[in-house]
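Read through the structure below, which is laid out as structure tokens, and then see the notes.
Each chain gets a letter, A, B and so on, in the order its sequence line appears, and its residues count up from 1. FYI, side chains are in, hydrogens and waters are out, and symmetry mates aren't considered; it's all heavy atoms of this structure.
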Amino acid sequence: MPDKKEIKGAIERISGSLVVAGGMEGASMQDVVHIGELGLVGEILEVNGDKASIQVYEETSGLKPGEPVVSMGEPLSVELGPGIIEQFYDGIQRPLELIEKAAKSPYISRGISVPALDRQKKWDFTPKVKAGDEVVAGDILGTVQETVVVEHRIMVPNGVKGKVTKIEKGEHTIEDVIAVVEDGDKKYEVKMLQRWPVRKPRPVARRLAPNVPMTTGQRVVDAFFPVALGGTACVPGPFGSGKTVIQHQFAKWAQAQIVVYVGCGERGNEMTDVLLEFPELDDPQTGQPLMKRTTLIANTSNMPVAAREASVYTAITLAEYYRDMGYSVALMADSTSRWAEALREMSGRLEEMPGEESYPAYLGTRLASFYERAGRCIVNGKDQREGSITVIGAVSPPGGDLSEPVTQNTLRVTKVFWGLDANLAYQRHFPAINWLNSYSLYTERLDPYWDEKFDDQWSGLRVEAMGLLEQEAQLNEIVRLVGIDALSRDERMVMETAKSLREDFLHQNAFHEIDTYASMEKQFKMLKTIVAFHHAGLDALHKGAPMNKLFNLPVREQIARMRYLEEKDIAQIDKLDDTIKEQINGIIPVGGENNAA
Amino acid sequence: MLPREYRTVSSISGPLVMVEKTQDVMYDELVEITLADGSKRKGKVLEIETDMALVQVFEGTSGIENEEAKVRFLGKVQTLPVSKDMLGRVFNGRGEPIDGGAPLIAEQNLDINGMPMNPFSRDYPSEFIQTGISTIDGLNPMVRGQKLPIFSASGLPHNRMAAQIARQATVISGHEDFAVVFAAMGITFEEASFFMEDFRKTGALQRTVLYINLADDPAIERISTPRIALTAAEYLAFECNMHVVVILTDLTNYCEALREISAARKEVPGRRGYPGYLYTDLATMYERAGRLKGKSGSITQIPILTMPEDDKTHPIPDLTGYITEGQIILSRSLHRQGIYPPVDVMPSLSRLKDKGIGRDKTREDHADLMNQLFAAYARGKEAKELAVILGEGALSDEDKAFAKFSTVFEDKYVRQGEYENRTIKETLELGWNLLTMIPVKELKRIRDAYIEKYLNPLLKAKAEKGEE
């Protein structure tokens, strides 16, 4: 690492979260600086001669021109090492619990400096290599049990390779040297604590195509608009359409080994909700509390704006670190619009030429380079581990208008679009994902995966169900004009099945203890049963069965109740097939075969 | 340190004054300007450079002269003197008493900008507040520590409703220290005196603190008014352990004032000319609602805003909706039908309701009943729309029942008197009574056990009556 050079300057101008300092000759872009007597943290955004424009991550009131500004000659970085999981950080990786202790107050005061990772705590380090082994960057030196479910793998830092000459088993703090790697006459001391600049993506060996699904337990998502491991998705929607509940549902039930949840410019109570709820909920895959695989980053809407901008980078760097260990990581960002607004605010204060809706012209590139850090890949290291980051970003378009720049730029880079619909939300249909305008570009890629698992039936079912919903939308137009009686018997059946799909399959109650999560097996069986009733029903109508009797068969009540079956009882759904046949045969009039239209 | 005095005002534009050759000025520092005639005005530093400061004058700049004005930097940020004696008093938008009483003896002087609450230190709001209004208690229940705005529009009775909430709000668990902090921003004298009169008449004034910035007071003063009110509320809630309801009206005027300053500073405008930081600015106020771990007090916010052109997508209601925990929307159509309070049930929402209702809080059947009423009302309204196009005859018997339900629902459940204080039990019973109009098999959102327990006795009574 190059020598750190300290540069001292003084404040010349203050405007909101922007400070301009003079005498900063030699300072480089994106270096971290400490401002004023309080030592507020900031980052250099622009260098002009000896003047540096700095965005300050804390409230600036009380600062004066002339106060010192010190650059440490190092870009904004996060600390990596055991202790990240189960933590609750602010936007620049300060643990909020320690801030509370340091401030001795429930409010966040300024100039607080607390370590991101516990320096005292001892971790039990188990080496995976021995002295004399040759290692390259990314190789696993050893492991530490971080939580019950997360094995933290200590890797050879980037840029280091050579022969291990010393490795220390046993209890160590993160600042102890646990291994020494020698390469010729160069000697590296490796500690558990490592640092990485947040704006620089961590390198990987090579990237893979996203053709493995990441299930979320949410039927509308997994069945119709799935996301792949390493994929990117966005959830735009007006307020009150359930964005946050959906993000919480993903954080809870997504089939990922690590979850990074970043609340960026959102409500304080929502983060508190996550913080109180996650330790109580069990992960369906491990049976352990969800918090044991989760790390939270909160920069609520009233916390300093500039730190909001940093929070998504902090989050994705932490995600990359766990990906490099070989984990599948899911990153939820709620909401990227607030991040873009922070960009806009700083851009305005820098007096840059505004682009669309006064967002800076580089909004699109910034968004794209953020989402590009997602992906499924073979990470560095000789053992060719596979890791992935799936990014799900919420977008809050003003007035629910999707034509605004943040949504449009996001849509260009993400592959899945879950469009939330205010009208569905008013009808209390949740998740309020509109099935007509949402899309997923992974659907076709993932079909082979599920077809193999479900006897080649999956993609057929999905296409048919989607077609029925589409038909319903068209038929609804007719009904609105001339009434339901104008429809043919077949069309009435389509309407009934589509209604059943909507109410019994797509609608999912996030607050019901069973309905909140559905495994793929359960989803498959449910979908199959609904479509089976459709086919049997059409057949019966052709044979002259009365429509009213068909629509009011008792088995339909059972179909509606499938969602409340526990995972261990889902075999019962298979039996519905026979019940459907039996009950439908019961209402076909004698000699019905001849009545076939 | 002696306060420094400058006579170097170089330019005045809108609410902003540029002072030159300044030294040692702090960002956000409080400023006092003495005019030629000896009168004094307050302001604060908006932007500083090494030898220049941009000052925003709260009372407006008219009458300030370049030559004569003396500017003093007071060496501190804007603070508010607070004490428990604030209760029952009336202040202006800058926090100075205007009720003719003695000046306040301060227990503490607090920075009006407050500091962000640490999300780690927050406690999740979960205590039900009974407002006595069925559409809120029954369908959009409010909890202590929530921020629940009323989206209104010009000509709608939001003030009467706010006064009713302030009058009636209680917690079912019993009597506790309870206070109302009321901040008026740019409302008319008539509206302000309505509130004062109402609080005085009902005896609520004793537990109320009022901050009044009238329509003809300087617009810039409005920027501090809500912050002052919230600082007072924080003191009462977290130092004096009181449960505080803060009513802020009208946020639309506040945002207009913010736009005025932004324009005077020649900032790049965002949507509709409002500054790009409107979201952050509003959030620093709304997020001051809440509860804290280890403190028994709470701050519940009811901001009121009038939607320009009844448009919910206008930046002010839109950004508010993204920050607050739900919204109560008033409907012009209900108002025209003479229904008070004209709460538009469908788009109204309380995000924190799930944690505040149910067994031990309100009643076990509350959630199911609420969902069923929503669903039934939605279906009834849909049926009515259909009937308009195709005629009543096109409706099925069930749809007819739902259509009738929705009419009666608006008349009996939504409509209530301005001084009618319904307990939550009365509201729930009313809901069940209305559901007797609908065939039982259509009540899909309610658990069978609750139908058995709450609905069947009503149906039985109805049947007996019918036989008589």
Top of Leu319(B), Ile323(B), Asp311(B), Val268(B) for chain A proximity - count of heavy-atom pairs under 4.5 angstrom: Ile323(B)
Asp310(B): partners by salt bridge (charged side-chain N to carboxylate O under 4.0 Å, His left out), with sequence neighbours left out: Arg332(B)
Choice from Pro116(B), Ala283(B), Ser121(B), Ser396(B) maximising heavy atom contacts with chain A below 4.5 Å: Pro116(B)
Any Ile328(B) side-chain heavy atom under 4.5 Å of Phe151(B) side chain: no
Min side-chain heavy-atom separation Pro398(A)-Thr313(B) under 4.5 Å: no
Side chain, backbone, both or neither of Lys76(B) within contact of chain A (heavy atoms, under 4.5 Å): neither
With Tyr274(B) via ring-ring contact (aromatic ring centres under 6.0 Å, His included) - residues at least two apart: His314(B)
Chain A neighbours within residues 291-300 of chain B, where any heavy atom lies under 4.5 Å away: Leu292(B)
Closest-packed option against chain A by number of heavy-atom pairs under 4.5 Å, given Thr280(B), Val45(B), Asn113(B): Thr280(B)
Residues in salt bridge (charged side-chain N to carboxylate O under 4.0 Å, His left out) contact with Glu67(A), at least two apart in sequence or another chain: none
Exercise: do Tyr359(A) and Ser347(A) side chains pair donor with acceptor under 3.5 Å: no
Part of Ile389(B) within contact of chain A (heavy atom distance under 4.5 Å): side chain
Pairs of heavy atoms under 4.5 Å with chain B: top-ranked of Asp90(A), Asn269(A), Ile484(A), Thr272(A): Asn269(A)
Residues Asp51(B) and Gln23(B): side-chain donor-acceptor under 3.5 angstrom: no
Pair His512(A), Arg563(A): side-chain N/O donor-acceptor within cut-off below 3.5 Å: no
Under 3.5 Å side-chain donor-acceptor pair for Ser17(A) and Gln55(A): no
Choice from Ile14(A), Ile11(A), Val20(A) maximising heavy atom contacts with chain B below 4.5 Å: Ile14(A)
Side-chain donor-acceptor pair present, Glu267(B), Ser262(B), cut-off under 3.5 Å: yes
Structural part of Gln78(B) lying under 4.5 Å from a heavy atom of chain A: neither
Interface residue of largest heavy-atom contact number with chain A, from Arg271(B), Arg288(B), Gln146(B), under 4.5 Å: Arg271(B)
Proximity breakdown for Pro269(B) and chain A, heavy-atom pairs closer than 4.5 Å: backbone
Tyr322(B) versus chain A, the contacting section by heavy-atom distance below 4.5 Å: both
Check ion pair Glu385(B)-Lys381(B) (N to O, under 4.0 angstrom): no
Geometric cation-pi criterion, Arg110(A) with Tyr57(A): 6.0 Å, 45°: no
Region of Pro317(B) that comes under 4.5 Å of a non-hydrogen atom in chain A: backbone
Contacting region of Thr324(B) [heavy-atom separation from chain A under 4.5 Å]: backbone
